Amino acid sequence: QERLVEVGGGSVQAGSSLLLSCAVPERLFRYNALAWFRRVPGKDRDFVATINWTGVGTIYSDSVKGRFTIFRDNPKNMMYLRMDNLKPEDTAVYYCAAKSGPSESDLQAAYDSWGQGTQVTVSS
């Protein structure tokens, strides 16, 4: 089964920046919207950001708006999440996901392909 692969997590101090990358198999990447979600232990997976096929349309959760930037490199089948001014409450496992169709969506149920996740830990 084809899977997405996230890299770039780590342990940083509050106020720092991290860049998460997601390698997406071409079959799942082309003409499809992508997204980032995150999960804190003991809680449901939450929406972070989504981007449409062209890269023009994006949606962010209120908790990350203005600090995180989602973007994609279509020729390379890659998606990224630039995280600035990280806070301890951003600590979570971050997952990238792909859906069928070009339009962005903040609904977890819309996504049918997922990565294994990468841990981000932010200390105060």
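Worth knowing before you read on, the calculation uses all heavy atoms, side chains too, and leaves out hydrogens, waters and symmetry mates. Since the model is a prediction, treat every value here as computed from it, not as a measurement.
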Taking all heavy atoms of [X] and all of [Y], pick out the closest pair and write down the distance.
{"X": "A110", "Y": "K99", "result": "O-CB, 3.2 Å"}
{"X": "P88", "Y": "A14", "result": "CD-CB, 4.1 Å"}
{"X": "S105", "Y": "F47", "result": "O-CE1, 4.0 Å"}
{"X": "L34", "Y": "A98", "result": "CD2-CB, 3.5 Å"}
{"X": "S100", "Y": "D112", "result": "OG-OD2, 3.5 Å"}
{"X": "L28", "Y": "S113", "result": "CD2-OG, 3.6 Å"}

Would you call [X] and [Y] a side-chain contact if the rule is heavy atoms closer than 4.5 Å?
{"X": "F29", "Y": "L4", "value": "no"}
{"X": "Y95", "Y": "R39", "value": "yes"}
{"X": "V122", "Y": "Q13", "value": "no"}
{"X": "V24", "Y": "C22", "value": "yes"}
{"X": "S61", "Y": "D106", "value": "no"}

Would you find a donor on one side and an acceptor on the other, under 3.5 Å apart, between the side chain of [X] and the backbone of [Y]?
{"X": "N52", "Y": "S103", "result": "no"}
{"X": "E104", "Y": "A33", "result": "no"}
{"X": "E6", "Y": "Q116", "result": "yes"}

Per the side chain to side chain donor-acceptor pair (under 3.5 Å) rule, which among T118, T91, D46, D90 passes with R38? D90
Hydrogens and angles aside, do Y111 and T50 bring a side-chain donor and acceptor to less than 3.5 Å of each other? yes
Checking side-chain polar atoms at under 3.5 Å, does R72 have a donor or acceptor matched by the opposite partner on N74? yes
Rounded distance [0.5 Å steps], OG in S17 versus CG in D84: 3.5 Å
Interatomic distance, CZ@F68 vs CG@L81, rounded to 0.5 Å, equals 6.0 Å
Can you name the one residue among R82, M83, M78 that meets side-chain contact (heavy atoms from CB on, under 4.5 Å) with Y80? M78
Look at the side-chain heavy atoms of Ile, Leu, Val, Met, Phe, Trp and Tyr, link any pair under 4.5 Å apart, and say whether V93 and V12 land in one connected group. no
Applying a strict under-4.5 Å side-chain criterion to I, L, V, M, F, W and Y, I'd like to know whether I51 and Y31 cluster together. yes
Listed partners of Q108 passing side-chain contact (heavy atoms from CB on, under 4.5 Å), at least two apart: F37, R45, W114
Answer yes if the ring centres of Y94 and W36 are under 6.0 angstrom apart, and no otherwise. no
